[in-house]
Amino acid sequence: MIDDIQAAIPLGFLLSFMIGPVFFVLLETSATKGFRAGVSLDIGVIVADIVFLIIAYFSSFQLLENLSNEPGLFVFGGMILLVYGIYLFVKKAKKKSNVKASKGTYLGLIVKGFLLNFINIGVLAFWLGLIIVVGPSLENNPNRMLVFFSTVILVYFATDLIKIILAKQLKRYLTQDRIVVIKKGLGIVLIICGIVLISKGFLPKEKFDIKEGIEKIS
């Protein structure tokens with residue numbers, strides 16, 4: 001269990017810096033409306049991630065059961081991460097996000113955060129690929145997967161709290177050039193992970209260690 005938690009920590013930290021509309025709306029809301037508003041928005045985002053995780057888990061459960069010993073599982077999961085990484089790498093950054101922070105109540109901000117995240121189908125694809133990748137490493141054990149992904153979400157949320165506190169400073173230093181570099185860097189990390197996993201699909205005799213893999217890229 002301790003190993004699973006240690007493997008999940010760097011992943012949760014990395015996910016918190018996935019650049020997208022939610023990232024900028026969170027900074028904008030926190031900087032202009034305060035800590036509580038930022039937390040409210042982030043709660044909505046986290047709830048949407050949890051919903052996506054549940055959907056991804058149950059939609060892939062039978063697949064994991066049937067293909068847990070098949071190399072094609074790694075190829076499939078690796079392809080999802082590879083495509084998502086290429087998308088991040090080649091996508092051109094917009095000067096400003098078209099999504100504005102909500103001016104409503106805290107409940108309105110929670111709903112806003114949920115919808116901002118939930119309408120992005122790429123988030124579901126990412127969680128699905130991640131579950132397919134780590135499932136065999138966690139022996140498809142529901143308890144181990146619960147611990148692993150709960151830790152990812154908790155670290156994700158804790159890192160977001162730090163971003164909310166430092167929102168004004170972060171917003172000031174996130175220039176357009178730096179945003180492009182961060183996006184491309186995250187894209188490269190996902191591309192590397194995807195290639196490694198696809199390679200594992202052609203080397204089925206080697207056991208994939210999720211903890212070791214994450215430690216290498218963190």
Side-chain angles (χ1 to χ4, degrees), residues 8-60 77 80-81 83-89 91-94 96-134 145-146 148-167 170-171 174 179 182-183 185-187 189-190 193:
I9 289 174
L11 181 58
F13 180 79
L14 177 66
L15 291 180
S16 182
F17 286 93
M18 297 293 282
I19 304 295
V22 171
F23 182 94
F24 295 108
V25 174
L26 180 62
L27 292 185
E28 179 186 352
T29 302
S30 304
T32 60
K33 302 183 182 303
F35 179 80
R36 291 183 181 179
V39 171
S40 298
L41 183 77
D42 200 39
I43 288 174
V45 173
I46 295 297
V47 171
D49 274 317
I50 293 174
V51 171
F52 271 142
L53 257 174
I54 294 173
I55 294 173
Y57 175 74
F58 284 105
S59 63
S60 63
I80 292 178
L81 295 185
V83 171
Y84 196 75
I86 293 174
Y87 170 76
L88 284 179
F89 186 80
K91 183 182 179 183
K92 294 182 179 180
K94 297 179 180 179
K96 291 184 179 180
S97 174
N98 292 325
V99 186
K100 300 298 181 182
S102 172
K103 296 182 179 180
T105 63
Y106 293 137
L107 179 60
L109 286 168
I110 292 175
V111 174
K112 185 75 171 182
F114 179 86
L115 293 177
L116 281 174
N117 206 20
F118 195 75
I119 61 176
N120 186 356
I121 193 64
V123 177
L124 176 60
F126 178 81
W127 285 120
L128 177 61
L130 196 59
I131 287 176
I132 291 174
V133 167
V134 304
M145 294 183 75
L146 177 62
F148 181 86
F149 285 104
S150 294
T151 302
V152 170
I153 293 295
L154 287 173
V155 173
Y156 182 6
F157 183 64
T159 307
D160 275 354
L161 291 180
I162 296 174
K163 290 193 308 189
I164 290 169
I165 295 172
L166 302 176
L170 285 174
K171 192 174 180 182
L174 278 175
I179 291 171
I182 294 173
K183 275 191 172 183
L186 291 173
V189 168
L190 292 178
C193 290

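Since we're looking at a predicted model, the values are computed, not measured.
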Colleague: Distance check, rounded to the nearest 0.5 Å: I164 atom CD1 versus F157 atom CZ?
Modeller: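 Interatomic distance, I164 CD1 to F157 CZ, rounded to 0.5 Å: 6.5 Å.
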Colleague: How are the rings of F149 and W127 set to each other: parallel, tilted or perpendicular (split at 30° and 60°)?
Modeller: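 Perpendicular: the ring planes of F149 and W127 meet at over 60°.
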Colleague: Does any N or O in the side chain of K163 come within less than 3.5 Å of the main-chain N or O of L26, such that one atom is a donor and the other an acceptor?
Modeller: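 Absent.
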Colleague: I need the F52 CZ to L130 CG distance, nearest 0.5 Å.
Modeller: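 Those atoms lie 14.5 Å apart.
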Colleague: Just verifying a value: how many Å separate D160 CG and L27 CG, rounded to the nearest 0.5 Å?
Modeller: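 Reported to 0.5 Å precision, the distance equals 9.0 Å.
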Colleague: Can you tell me how far the CG atom of L109 sits from the CG atom of D42, to the nearest 0.5 Å?
Modeller: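 Answer for the CG-CG pair, L109 versus D42, is 11.5 Å.
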Colleague: Taking all heavy atoms of A167 and all of A31, pick out the closest pair and write down the distance.
Modeller: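 Taking every non-hydrogen atom into account, CB-N, 3.8 Å.
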Colleague: For residues L116 and V45, determine if any side-chain heavy atom of one lies less than 4.5 Å from a side-chain heavy atom of the other.
Modeller: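 L116 does not reach V45 side chain to side chain.
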Colleague: Quick one: are F148 and L11 in side-chain contact, heavy atoms under 4.5 Å?
Modeller: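 The answer is yes; the side chains approach within 4.5 Å.
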Colleague: I'd like to check I110 versus Y106 (side-chain heavy atoms, cut-off strictly below 4.5 Å). Are they in contact?
Modeller: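 A side-chain contact under 4.5 Å is absent here.
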Colleague: Quick check: do M145 and I131 have side-chain heavy atoms less than 4.5 Å from each other?
Modeller: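 Sidechains of I131 and M145: in contact.
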Colleague: What are the two closest heavy atoms between Y156 and L15, and how far apart are they?
Modeller: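 That closest heavy-atom pairing would be CE1-O, 4.0 Å.
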Colleague: Could you give the distance from CD1 (I46) to CG (L41), rounded to the nearest 0.5 Å?
Modeller: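 If we round to the nearest 0.5 Å, I46:CD1 and L41:CG are 10.5 Å apart.
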Colleague: Let me confirm one number: the CD1-CG distance from I153 to L53, rounded to the nearest 0.5 Å.
Modeller: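 Going from CD1 on I153 over to CG on L53, the span is 5.0 Å.
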